[in-house]
Amino acid sequence: MELKVLVVDDEKVTLELLEHILCGAGCQVETAEKGSDALEMIQGDNYDLIISDVRMPGIGGIEVLKYAKAKNPDCLVVLCTGYATMENAIEAIKAGAYDYITKPFTVDEVLVVLRNAWERTTLVRNNGRLLDKLGEIYLELKMSRPSAEGVKDCQPPAAGSQPVIYDGRIVRGTAEPLKIEPGGGDAVAEINALAKLRKDGYITVEEFEKFKGMILGRIC
């Protein structure tokens, strides 16, 4: 699992155990035995996942959690403690904790948390790439839009004049529709195809935005 992980715990045995488990799962792991050291490391680097003990001398896990989320909201923080209470769990969730592990934990419990964190991080990364691609498509559409002087020589062939249906849902009109089917689950390819239809004048900008919203709604 290609995750960069920071483990924070004042108990060396726990620190070494977590490091062993995470490295065995393919993570890039760094460790800190003090909350203050963890804050310095978080300030100087970006982590996908932070696993921190709640009770430590000086700066505790809740402070590490708040600091990490303030620097990078996408960072996932898991708190672990041997003194689990409902109040602690509620406080952790309110502060933005992704999950909560009770000591003593098993290897399987850590691996479940790790797998969930990897899936969440992968989704965030993919959505970020998709949004970047959408931004590029938007710029291409904006650049390709005909100027006022060229409107007479570059009229759209069909936009606004015929019904359009996307994925079985009517977007414009009711009869003899232009049917546009989803692109097999590849969101970027699907949006590229819709962008070409918009560029060629078969759908309007408003319809393109509506289609794009449908696509994003399926994957988010």
Closest non-hydrogen atom pair between D9 and L15, with its separation: N-CD1, 3.6 Å

Taking the side chain as every heavy atom from C-beta outward, state whether I51 and L6 have any pair of such atoms under 4.5 Å apart. no

Measure the shortest side-chain to side-chain distance between Q28 and L22 over non-hydrogen atoms and say whether it is less than 4.5 angstrom. no

Among L18, V78, D53, find the one that has a side chain to side chain contact (heavy atoms under 4.5 Å, CB included) with I101. V78

Is any side-chain heavy atom of V64 less than 4.5 Å from a side-chain heavy atom of V77? no

Roughly how far apart are K34 NZ and E40 CD, rounded to 0.5 Å? 10.0 Å

Here the pair of heavy atoms bringing D10 nearest to R55 is OD1-O, 3.8 Å

Can you check side-chain contact (heavy atoms from CB on, under 4.5 Å) on C75 and I50, steps first, answer last? CA-CA 7 Å; C75 176; I50 296 174; 3.7 Å; yes

Looking at CG of D108 and CG of L114, how far apart are the two atoms once the value is rounded to the nearest 0.5 Å? 12.0 Å

Least distance between heavy atoms, D37 atom then A32 atom: CB-CB, 4.2 Å

Output the distance between atom CG (D99) and atom CD (E109), rounded to the nearest 0.5 Å. 10.0 Å

SG-CG distance between C27 and L49, expressed to the nearest 0.5 angstrom: 7.5 Å

So how far is it from L123 CG to W118 CH2, rounded to the nearest 0.5 Å? 11.0 Å

To the nearest 0.5 angstrom, please state how far the CG atom of L65 sits from the NZ atom of K69. 7.5 Å

With side-chain contact (heavy atoms from CB on, under 4.5 Å) as the criterion, how do Y100 and T81 come out once you've worked through the C-alpha distance, each side chain's angles and the decisive distance to 0.1 Å? CA-CA 8 Å; Y100 200 90; T81 180; 3.1 Å; yes

So which atom in A38 and which in V8 form the shortest heavy-atom distance, rounded to 0.1 Å? CB-CG2, 3.6 Å

Taking it one step at a time, do L111 and V107 satisfy side-chain contact (heavy atoms from CB on, under 4.5 Å)? CA-CA 6 Å; L111 291 178; V107 173; 3.9 Å; yes

Quick one, V29 and E19 - any side-chain contact, counting heavy atoms below 4.5 Å? yes

Under a 4.5 Å cut-off applied to non-hydrogen side-chain atoms, are C80 and V54 in contact? no

Do L17 and F105 come within less than 4.5 Å of each other through their side chains, counting heavy atoms only? yes

Any side-chain heavy-atom pair from Y98 and N116 closer than 4.5 angstrom? yes

If we only count heavy atoms from C-beta on, is the M56 to E33 side-chain gap below 4.5 Å? no

Backbone of G60 reached by a side-chain donor or acceptor of E63 within 3.5 Å: yes

Determine whether D45 and K4 satisfy the following criterion, salt bridge (Lys or Arg N to Asp or Glu O under 4.0 Å), listing intermediate values before the conclusion. CA-CA 10 Å; D45 208 339; K4 188 167 186 178; 2.5 Å; yes

Is the number of heavy atoms from other residues, nucleotides or ligands under 6.0 Å of K66 NZ greater than 12? no

